[in-house]
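Below is one structure; the comments refer to it alone.
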Amino acid sequence: MAATAGRKTTKAVEPRGGQGLSIVVPCYNEANGLPHFHEQLSAAARALTQKRGLHCEVVYIDDGSKDATFTVARALPAQSLDVQVVSLSRNFGKEAALMAGLQHARHEAVVFMDGDGQHPTTLIDTLVGHWLDDGYDVVYTAKAHRESESWLRRFGVKSFYALINWRSRHKIPEDAGDFRLLSPRAANALRQMPERNRFFKGLASWIGFKQLRVDYEPEQRAHGKTSWNFASLIGLSIEGLTSFSVAPLRFASMLGIIMATVAFIFGVMILYETIFYGKSVPGYPSVMVGVMVLGGVQLIMIGIVGEYIGKILSEQKARPIYFVAEHIVKSAGPRNPAASRKRGSR
Ligand code: UDP
Ligand code: MG
């Protein structure tokens with residue numbers, strides 16, 4: 001299994017002693033902004049080492065970028081923190097990239113953050129503080145304001161969380177982003193989740209432990225543009241919903257029950273009118289409307305069921321979540337300045 005082969009290459013590099021932190025950064029076409037991001041991250045890591053004695057490493061996951069992300073990431077200096085660059089064999093999507101980072105991380109505690117400069121590196125210290133000083137296991141961030149987003153997007157986000165949390169025992173916090181810190185036991189719990197259809201925001205909330213929300217103001221993207229458009233956001237929402245919740249199925253059953261009840265009452269009324277008043281069957285339009293509404297609802301419900309069958313199929317095939325093409329490890333400090341390079345996992 002290539003994903004595990006990728007893991008093997010990682011295991012060859014021994015974790016260091018002492019407490020440490022692995023910062024996982026998924027990158028898709030981020031070549032332009034990466035050097036500046038790395039500078040900021042190195043400064044944050046230096047401060048963490050001085051203040052708390054934490055060894056830091058960054059794990060850049062090049063998620064099949066079409067630009068020079070891998071070349072740029074490979075040249076980044078390992079000063080103040082170790083650098084790993086894992087290049088995936090193609091674009092597998094952010095969730096798979098995060099999983100690759102989680103599996104390659106050499107330290108037990110992990111931070112997930114974007115490589116586009118939107119997640120402030122200065123916040124890492126706050127997240128670490130809540131973990132080390134206050135004992136939280138999952139410290140997740142949420143956007144303090146959403147005013148800059150269109151009403152359509154805000155409405156979409158609201159509806160998504162309303163549906164995914166509907167009658168669910170494990171509420172996924174609204175507005176939570178992927179920028180988060182995972183304590184050693186939380187990171188381990190996430191590594192144990194075997195599913196292929198991953199939705200980290202949901203999984204990180206599902207595992208439990210002590211969780212804390214931290215509000216922050218996201219920065220503007222430093223370079224390039226977001227890889228999400230309206231269609232892909234809808235795709236992600238369907239993915240998140242169906243891989244994490246059975247709410248749509250429940251919704252389908254409820255709707256079915258309501259429709260059947262209305263149809264039954266309607267049938268009784270028609271029978272009553274025919275028997276007692278001798279009225280003939282109402283006209284063609286009402287029949288057509290009924291047929292079309294029912295047909296539409298049935299098609300939607302078949303689609304929902306189909307989404308779940310698709311999920312079962314892909315879980316059943318149990319394919320690896322990603323393949324590693326190249327893996328580079330650079331260690332900071334005078335002990336081992338040379339970079340070691342490993343060819344991918346065949
Ligand atoms: N990303 C990725 N694979 C993808 C799409 C995005 O690794 O297929 C990375 C991207 O480089 C960035 C992060 O995921 O670091 C968030 O992506 P983006 O900025 O496009 O999303 P947004 O911030 O708009 O939600
Ligand atoms: Mg972004």
Side-chain angles (χ1 to χ4, degrees), residues 21-26 93-103 105 108-114 118-119 123-124 126-132 134-146 149 153-216 218 228 233-251 307-308 311 315 321:
L21 181 70
S22 291
I23 300 158
V24 169
V25 184
K94 187 178 173 184
E95 299 287 330
L98 289 175
M99 188 57 185
L102 196 59
Q103 288 184 329
E108 290 187 311
V110 174
V111 163
F112 286 158
M113 72 189 296
D114 289 358
Q118 288 195 285
H119 296 162
L123 201 63
I124 299 177
T126 312
L127 304 186
V128 168
H130 287 305
W131 160 47
L132 288 179
D134 311 332
Y136 284 98
D137 291 288
V138 179
V139 189
Y140 61 92
T141 65
K143 290 181 189 171
H145 301 288
R146 282 191 169 268
E149 295 175 1
R153 188 169 168 152
R154 271 183 280 160
F155 174 74
V157 169
K158 275 250 170 273
S159 324
F160 172 74
Y161 283 101
L163 194 55
I164 203 164
N165 286 331
W166 185 47
R167 302 193 49 202
S168 148
R169 254 188 296 162
H170 314 279
K171 304 272 183 244
I172 298 177
E174 206 173 305
D175 295 342
D178 280 319
F179 184 19
R180 64 180 66 226
L181 179 139
L182 304 161
S183 74
R185 56 182 185 173
N188 255 337
L190 283 180
R191 278 192 203 100
Q192 286 170 31
M193 306 269 183
E195 52 253 77
R196 261 120 272 283
N197 299 289
R198 304 187 73 86
F199 180 55
F200 265 109
K201 282 177 217 180
L203 294 177
S205 131
W206 186 86
I207 57 170
F209 298 117
K210 276 181 79 182
Q211 308 227 350
L212 181 75
R213 170 190 171 122
V214 172
D215 281 355
Y216 80 107
W228 301 104
L233 278 175
I234 289 183
L236 181 76
S237 307
I238 294 178
E239 179 71 36
L241 270 176
T242 52
S243 64
F244 206 79
S245 139
V246 287
L249 286 180
R250 240 176 257 152
F251 174 71
E307 283 285 335
Y308 284 95
K311 291 266 133 63
E315 295 292 339
I321 298 169

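For the residue pair Leu182 and Ala187, the shortest heavy atom distance occurs at CB-N, 4.0 Å. Smallest separation of non-hydrogen atoms from Ala176 and Lys201: O-CD, 3.3 Å. Across every non-hydrogen atom of Phe160 and Ser237, the tightest pair is CE1-O, 3.3 Å. Residues Ile172 and Asn165 share a closest heavy-atom pair of N-OD1, 2.7 Å. When all heavy atoms are compared, the tightest approach of Ser183 to Tyr136 is CB-O, 4.1 Å. Residues Tyr161 and Pro173 share a closest heavy-atom pair of CE2-O, 3.6 Å.
Residues Ile124 and Leu21 form a side-chain contact, since some pair of their non-hydrogen atoms from C-beta on lies under 4.5 Å apart. Residues Val138 and Ile207 meet the side-chain proximity criterion, which asks for heavy atoms closer than 4.5 Å.
Partners of Tyr140 under the ring-ring contact (aromatic ring centres under 6.0 Å, His included) rule, at least two apart in sequence or in another chain, do not exist in this structure. Remark: Phe199 engages no residue in a ring-ring contact (aromatic ring centres under 6.0 Å, His included) (not counting sequence neighbours).
Phe155 CZ: 12 or fewer foreign heavy atoms inside a 6.0 Å radius. Applying the 6.0 Å contact sphere to CD of Glu108 captures no more than 12 heavy atoms from other residues, nucleotides or ligands.
Pairs passing the side-chain hydrogen bond (donor to acceptor under 3.5 Å, both in side chains) check and including a residue from residues 202-213, sequence neighbours excluded, read Arg213-Asp215.
Atoms CG and CE, on Leu203 and Met99 in that order, are 9.0 Å from each other to the nearest 0.5 Å. Atom CG of Leu190 is separated from atom CZ of Phe200 by 6.0 Å, given to the nearest 0.5 angstrom. Between the CG atom in Leu123 and the CG atom in Leu181 there is a gap of 10.5 Å [rounded to 0.5 Å].
Without hydrogens or angle criteria, Arg191 side chain to Leu102 main chain gives a donor-acceptor distance under 3.5 Å.
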Walk me through it: do Gln103 and Ile321 pass the test side-chain contact (heavy atoms from CB on, under 4.5 Å)?
CA-CA 11 Å; Gln103 288 184 329; Ile321 298 169; 5.7 Å; no

Determine, step by step, whether Asn188 and Arg185 satisfy the side chain to side chain donor-acceptor pair (under 3.5 Å) criterion, reporting the C-alpha distance in whole Å, the side-chain angles of both residues, the deciding distance to 0.1 Å, and the verdict.
CA-CA 5 Å; Asn188 255 337; Arg185 56 182 185 173; over 6 Å; no

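In this structure, Tyr216 and His119 have perpendicular ring planes: the angle between them is above 60°, well past the 30° mark.
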